[in-house]
There are 4 protein chains.
Amino acid sequence: MKKREVQASVKDERLVKKRRDQMIKGAVTLFIQKGFHRTTTREIAKASGFSIGTLYEYIRTKEDVLYLVCDSIYDQVSERLQEDLDTNRGTLESLRLGIAGYFRVVDEMQDEVLVMYQEVKSLSKDALPYVLKKELEMVEMFEQVINGCVENGELDLTEEQVKMIAHNIFVQGQMWAFRRWSLKKIYTIDDYIKLQTDLLFQGIIAEKSKQI
Amino acid sequence: MKKREVQASVKDERLVKKRRDQMIKGAVTLFIQKGFHRTTTREIAKASGFSIGTLYEYIRTKEDVLYLVCDSIYDQVSERLQEDLDTNRGTLESLRLGIAGYFRVVDEMQDEVLVMYQEVKSLSKDALPYVLKKELEMVEMFEQVINGCVENGELDLTEEQVKMIAHNIFVQGQMWAFRRWSLKKIYTIDDYIKLQTDLLFQGIIAEKSKQI
Amino acid sequence: MKKREVQASVKDERLVKKRRDQMIKGAVTLFIQKGFHRTTTREIAKASGFSIGTLYEYIRTKEDVLYLVCDSIYDQVSERLQEDLDTNRGTLESLRLGIAGYFRVVDEMQDEVLVMYQEVKSLSKDALPYVLKKELEMVEMFEQVINGCVENGELDLTEEQVKMIAHNIFVQGQMWAFRRWSLKKIYTIDDYIKLQTDLLFQGIIAEKSKQI
Amino acid sequence: MKKREVQASVKDERLVKKRRDQMIKGAVTLFIQKGFHRTTTREIAKASGFSIGTLYEYIRTKEDVLYLVCDSIYDQVSERLQEDLDTNRGTLESLRLGIAGYFRVVDEMQDEVLVMYQEVKSLSKDALPYVLKKELEMVEMFEQVINGCVENGELDLTEEQVKMIAHNIFVQGQMWAFRRWSLKKIYTIDDYIKLQTDLLFQGIIAEKSKQI
DNA sequence: AATGAATGAGGGTTCATTCAT
DNA sequence: CATGAATGAACCCTCATTCAT
């Protein structure tokens with residue numbers, strides 16, 4: 001699936017990229033504070049450092065901003081995840097590192113993840129699939145690593161279990177962002193990583209040891 | 001923390017209850033379709049079966065409707081959870097049943113849970129704590145059951161682990177609602193219950209067997 | 001000109017009178033606080049001690065309340081004025097007493113006079129003449145006394161002057177109510193009476209003495 | 001006391017002035033016809049020659065329009081009064097001219113004066129003082145002229161009397177506007193000026209002659 | 001390419017009035 | 001007679017979007 005194009009009146013591609021980056025930065029801050037619906041296009045323009053007229057030279061509707069923001073956040077998280085998982089490809093160790101890395105990105109980008117998380121649903125039926133696709137891709141990254149472990153004998157899991165685990169890891173990452181009001185009172189991010197990993201691994205290994 | 005009172009102009013308490021039930025029912029349907037912000041008060045009134053004027057005899061602001069909706073959903077889920085957890089209080093079996101029961105409620109109330117889940121953030125700073133409190137109470141229900149198992153020796157867990165597990169269970173329930181677009185393609189609710197429970201329990205038991 | 005009838009559904013005349021008195025009393029308080037337009041019929045009903053339904057058994061529109069209020073206030077002021085002017089009919093002394101009496105009524109009924117003064121304009125084209133008529137009658141009372149003085153030789157004034165003076169007196173009375181925010185800082189009601197009377201009389205006498 | 005600022009979204013000050021002038025003009029006409037409360041913002045926008053959206057680019061609330069209207073009318077009357085009183089500063093002649101001038105402004109701006117007069121009370125507690133201040137300033141202008149006459153020996157009055165007279169003049173001006181339904185039947189503006197001035201002056205001079 | 005004034009559909013809320021009980 | 005729930009027209013105000021400069 002190709003990226004969904006957001007039309008701009010301005011031709012200069014470099015300028016478009018630059019302005020949109022300003023825009024995303026400004027918008028995220030606002031969305032964090034008041035959510036997408038309560039943020040006005042004027043506020044976005046102002047926070048981005050240009051006029052409302054200029055804003056509309058780079059997007060066509062307010063919703064485009066949301067799409068751009070979500071897309072950008074997913075890209076950042078996704079990229080970081082990719083890097084972490086690439087080390088020691090397909091071993092238990094790389095999975096462990098991947099999880100830790102992913103949870104840490106979420107921790108660093110708490111606000112962004114939260115925003116994206118809470119506002120995707122405001123995307124039009126048109127844009128939603130593109131963003132959801134990106135989410136699935138991230139889940140699949142975990143799937144691949146786990147499958148790697150299965151292939152190399154470190155784990156023994158059915159296809160169904162692999163998918164379930166991948167989803168769980170992904171959601172537990174987000175969970176650190178959207179339940180922080182509760183979790184942060186009890187755990188540091190390091191506690192959280194250790195606890196969740198242990199809980200997960202003991203289970204996974206148990207599955208294996210049971211088989212043996 | 002006492003329930004937050006939503007003021008009504010109408011005095012007859014029974015009528016208030018009745019009208020609000022109509023209201024909640026109508027509103028949920030709409031919120032599911034288009035979200036809180038894209039739903040107008042007029043639409044809510046219509047879907048509830050009365051006029052806009054009447055709507056405002058039972059609430060003071062649009063946000064009250066959201067609060068009422070969230071509150072009501074939490075109450076229903078919470079009540080069902082309570083019932084399920086009450087059987088065989090504090091045994092592994094009751095935990096297992098509790099999880100299954102909870103996941104099933106979420107399945108049955110998918111739409112409601114999703115709505116509540118996506119829109120709580122739109123509640124004012126004023127109302128939010130009341131709803132969040134209710135959420136924590138549900139997490140605590142799981143905590144108690146798990147603690148029961150620890151006390152009767154069926155499980156061996158630290159306080160931290162107990163809390164983590166309770167949160168995980170709670171979130172995995174919600175997850176069935178908010179990731180259904182993806183999960184339902186792979187699992188039935190029964191698959192889901194079995195997989196998640198096994199994954200969880202193997203881990204928990206593993207913890208215990210490790211000790212032995 | 002006959003009194004304008006305000007229709008009531010209730011037949012019992014005594015009850016109508018009683019309820020309307022309650023109504024006027026309640027309404028005046030509210031009109032003083034927030035003005036006619038910012039006062040709701042519900043508030044009037046509540047302040048009157050009965051329900052909104054009952055309110056509408058005794059009037060037909062909100063404006064009727066205003067008419068009733070204005071009418072009642074004028075009646076009270078008018079009655080008091082009548083009494084004062086009746087003593088020593090048609091002498092300079094009775095004029096002097098009449099002015100003092102009138103200014104004192106205004107002082108005692110400051111709020112009422114103010115309300116009536118500020119809200120008459122909100123009466124419909126239909127009701128306005130009835131109230132204005134009453135105002136003119138009060139002016140005419142002064143006119144008569146002054147004419148009395150002219151007839152008995154105490155004063156020497158043209159018809160035009162008499163009318164002007166009557167108007168002035170009347171307005172100066174109201175002025176004590178509607179400029180009290182300013183006047184009360186400088187004068188007591190007694191100061192005010194003395195100053196205005198002197199200012200007026202010196203003038204009037206001067207006219208006469210000039211003739212001689 | 002500085003002028004109360006009414007916030008505008010539009011930056012161009014000249015445009016703001018121009019649009020507000022349109023607005024005031026349109027609003028006065030409407031307020032005269034139906035009063036502030038019965039006039040809608042849409043009507044104001046239409047009468048001003050622009051859309052409702054544009055109206056709100058230049059004000060923040062409906063009440064701002066009323067403030068602007070009152071402020072503008074006072075400014076106009078005040079300015080004219082200033083000019084008239086400046087001639088022959090501080091003599092009986094200048095007082096006489098000032099009164100005549102003031103009464104004539106009121107006559108020319110009957111509608112505006114009436115509106116302002118009847119609607120000031122609808123101003124918020126916030127804006128009222130600014131307008132009342134302006135009223136007092138006008139009264140003070142008369143005070144100064146009269147004091148001038150006292151200083152140059154043309155009049156012999158106490159401070160209290162001076163203030164009283166200033167208030168009376170001011171109110172008699174307004175009176176020409178708010179009692180026109182009655183006064184215009186009897187007098188022309190010239191009659192009115194002559195009668196009131198004579199009545200006033202005879203008194204004042206009498207005071208002086210009495211002293212001699 | 002950038003600006004910001006103009007637009008007007010549409011949203012939340014109020015409140016005078018009615019009418020069944 | 002009294003009540004108060006129901007109604008819906010109408011009001012104030014916001015804000016995404018356009019377009020002339």
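Residue numbering restarts at 1 for every chain, and letters A, B, ... go by the order of the sequence lines. Computation of the quantities below employed the complete heavy-atom set of this structure, encompassing side-chain atoms and omitting hydrogens, waters and symmetry-equivalent molecules.
Atom CD of B/E13 and atom C1' of F/dG4 are 15 Å apart (whole Å). In this structure, the CD1 atom of A/I52 is 9 Å from the C1' atom of F/dC15, given to the nearest Å. Spacing between atom NZ of D/K18 and atom C1' of E/dA5 amounts to 11 Å, rounded to whole angstrom units.
Between D/S9 and B/G53, it is D/S9 whose nearest contact on DNA chain E lies nearer the 5' terminus. For the pair B/S51 and D/E63, nearest-nucleotide mapping onto DNA chain F gives the more 5' position to B/S51. Comparing B/T61 and C/F36 by the nucleotide of DNA chain E whose heavy atom lies nearest to each, the residue mapping closer to the 5' end is B/T61.
The nucleotide whose nearest atom lies closest to any side-chain atom of A/T54 is, among E/dT3, E/dA5, E/dT13, E/dT3.
The shortest distance between side-chain heavy atoms of C/L68 and C/V65 does not fall below 4.5 Å. When side chains are defined from C-beta on, C/E119 counts as touching D/K121, because their heavy atoms get closer than 4.5 Å.
Between B/Y56 and E/dT13 there is a side-chain polar atom (N or O) within less than 4.0 angstrom of OP1 or OP2. Residue D/R19 has a polar side-chain atom (N or O) positioned under 4.0 Å from OP1 or OP2 of E/dA6.
By the side chain to side chain contact (heavy atoms under 4.5 Å, CB included) test, C/L114 is found to be paired with C/Q118, C/F178, C/R180, residues two or more places apart in sequence or in another chain being considered.
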Apply side-chain hydrogen bond (donor to acceptor under 3.5 Å, both in side chains) to B/S48 and B/Q22, showing your working. CA-CA 5 Å; B/S48 310; B/Q22 292 178 260; over 6 Å; no
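Taking the ring axis of B/F36 as reference, the NZ or CZ atom of B/K62 stays within 45° of it and closer than 6.0 Å to the ring centre.
B/S72 and B/Q76 form a side-chain donor-acceptor contact under 3.5 Å, judged by distance and modelled atom types alone.
The stretch residues 37-46 of chain A touches DNA chain F through A/T39, A/T40, A/T41, A/R42, each having a heavy atom under 4.0 angstrom from the strand.
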